[in-house]
Amino acid sequence: QVQLVESGGGLVQAGGSLRLSCAASGRTFSSYAMGWFRQSPGKEREFVTRISRSGGNTHYADSVKGRFTISRDNAKNMVYLQMNSLKPEDTAVYYCAADRAYYVTYAAASYDYWGQGTQVTVSS
């Protein structure tokens with residue numbers, strides 16, 4: 001089992017940057033692909049980005065491509081989301097998630113473990 005705790009959210013002006021962190025417990029962290037999702041009020045949870053077990057492969061939603069970067073440090077059991085050029089539409093609760101599957105999926109239902117989320121608010 002994996003426990004995930006996000007941090008780093010906050011209030012930022014449009015055009016600014018934030019770096020989210022996700023700390024994972026357990027000895028098998030490197031056995032999971034990791035993803036970030038986000039959810040705004042009244043909307044479904046949406047895929048943001050995913051990173052493979054080794055960190056060698058990444059996937060991004062079109063809405064964040066070129067602005068967000070996912071990375072991981074398996075020695076520290078950490079996943080990061082660097083968010084640049086933030087827009088008001090990026091405002092949401094951001095969730096870190098772990099996936100045991102070996103196929104790439106963008107569906108939230110496919111992920112096995114979730115953090116509690118961290119709020120990101122981008123003001124215009």
Side-chain angles (χ1 to χ4, degrees):
Q1 191 168 359
V2 177
Q3 292 185 326
L4 304 172
V5 179
E6 303 96 333
S7 62
L11 174 64
V12 63
Q13 289 189 333
S17 299
L18 279 176
R19 188 195 196 203
L20 305 184
S21 299
C22 174
S25 65
R27 302 176 184 175
T28 59
F29 173 70
S30 59
S31 299
Y32 296 86
M34 300 298 296
W36 286 95
F37 288 75
R38 65 187 182 186
Q39 189 168 20
S40 350
K43 294 187 177 180
E44 291 187 357
R45 193 165 297 189
E46 66 170 346
F47 171 80
V48 175
T49 180
R50 174 188 173 96
I51 189 166
S52 64
R53 287 158 179 77
S54 67
N57 290 297
T58 56
H59 303 264
Y60 296 92
D62 288 343
S63 58
V64 307
K65 204 169 291 184
R67 300 188 297 122
F68 290 11
T69 303
I70 188 171
S71 61
R72 67 188 296 164
D73 185 337
N74 286 343
K76 297 182 178 179
N77 282 15
M78 296 291 295
V79 180
Y80 306 100
L81 181 62
Q82 179 66 43
M83 305 186 294
N84 298 328
S85 303
L86 283 161
K87 305 175 181 180
E89 51 263 44
D90 294 319
T91 295
V93 176
Y94 282 71
Y95 297 90
C96 174
D99 182 14
R100 290 178 294 189
Y102 281 86
Y103 54 87
V104 175
T105 176
Y106 302 157
S110 298
Y111 286 70
D112 302 286
Y113 301 104
W114 292 85
Q116 83 290 347
T118 186
Q119 176 71 47
V120 172
T121 303
V122 185
S123 63
S124 57

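Fair warning: this is a prediction, and the values are worked out from it, not measured in the lab. Side chains included, hydrogens not; waters and symmetry mates left out as well; all remaining heavy atoms used.
The environment of NZ in Lys43 is sparse: at most 12 heavy-atom neighbours from other residues, nucleotides or ligands sit within 6.0 Å. For CD of Glu46, the number of neighbouring non-hydrogen atoms (other residues, nucleotides, ligands) closer than 6.0 Å is greater than 12.
Proximity of a side-chain donor or acceptor of Thr91 to a complementary backbone N or O of Val122 within less than 3.5 Å is detected. Side chain of Arg67 to backbone of Ser85: a donor-acceptor contact under 3.5 angstrom is found. The main-chain N or O of Ser25 is never found under 3.5 Å from a side-chain atom of Asn77 such that the two would form a donor-acceptor pair.
In terms of heavy atoms, Leu11 sits closest to Ser123 at CD1-CB, 4.3 Å. Closest approach of Met34 and Cys22 over heavy atoms only: CE-SG, 4.5 Å. Among all heavy-atom pairs drawn from Ser124 and Ala14, the shortest one is CA-CB, 4.4 Å. The two residues Ala108 and Trp114 have their closest heavy-atom pair at O-CZ2, 3.3 Å. Here the closest heavy-atom approach between residue Phe29 and residue Asn74 is recorded as CE2-OD1, 3.1 Å.
Using a 4.5 Å cut-off on side-chain heavy atoms (C-beta onward), Tyr80 and Ile70 make no contact. Using a 4.5 Å heavy-atom threshold, the side chains of Arg38 and Val93 count as separate. You'll find the side chain of Asp112 reaches within 4.5 Å of the side chain of Asp99, heavy atoms only. Counting heavy atoms from C-beta on, the side chains of Tyr113 and Gln1 come closer than 4.5 Å. You'll find the side chain of Tyr94 stays beyond 4.5 Å of the side chain of Glu6, heavy atoms only.
In this structure, CZ on Arg72 lies 8.0 Å from OG on Ser54, to the nearest 0.5 angstrom. Here the straight-line distance linking atom NZ of Lys65 with atom OG1 of Thr58 works out to 9.5 Å at 0.5 Å rounding. Atom-to-atom distance recorded for Ser40:OG and Glu89:CD is 10.0 Å, nearest 0.5 angstrom.
Aromatic pair Phe37/Phe47: ring centres closer than 6.0 Å.
A cation-pi arrangement is absent between Arg50 and Tyr60, since the terminal nitrogen or guanidinium carbon is not both under 6.0 Å from the aromatic centre and inside a 45° cone about the axis.
Phe68 and Tyr95 fall into different hydrophobic clusters, where Ile, Leu, Val, Met, Phe, Trp and Tyr residues are linked whenever their side-chain heavy atoms come under 4.5 Å apart, directly or through other members. Val12 and Val64 fall within the same hydrophobic cluster, defined by Ile, Leu, Val, Met, Phe, Trp and Tyr side-chain heavy atoms under 4.5 Å apart, directly or through other members. Hydrophobic clustering (side-chain heavy atoms under 4.5 Å, transitive across Ile, Leu, Val, Met, Phe, Trp, Tyr) groups Leu4 together with Leu20.
Screening residues 11-24 for side chain to side chain donor-acceptor pair (under 3.5 Å) gives Ser17-Asn84 as the qualifying pairs, with residues at least two apart or on separate chains.
In summary, Asp90 and Lys87 do not engage in a salt bridge, as defined by a charged side-chain N under 4.0 Å from a carboxylate O.
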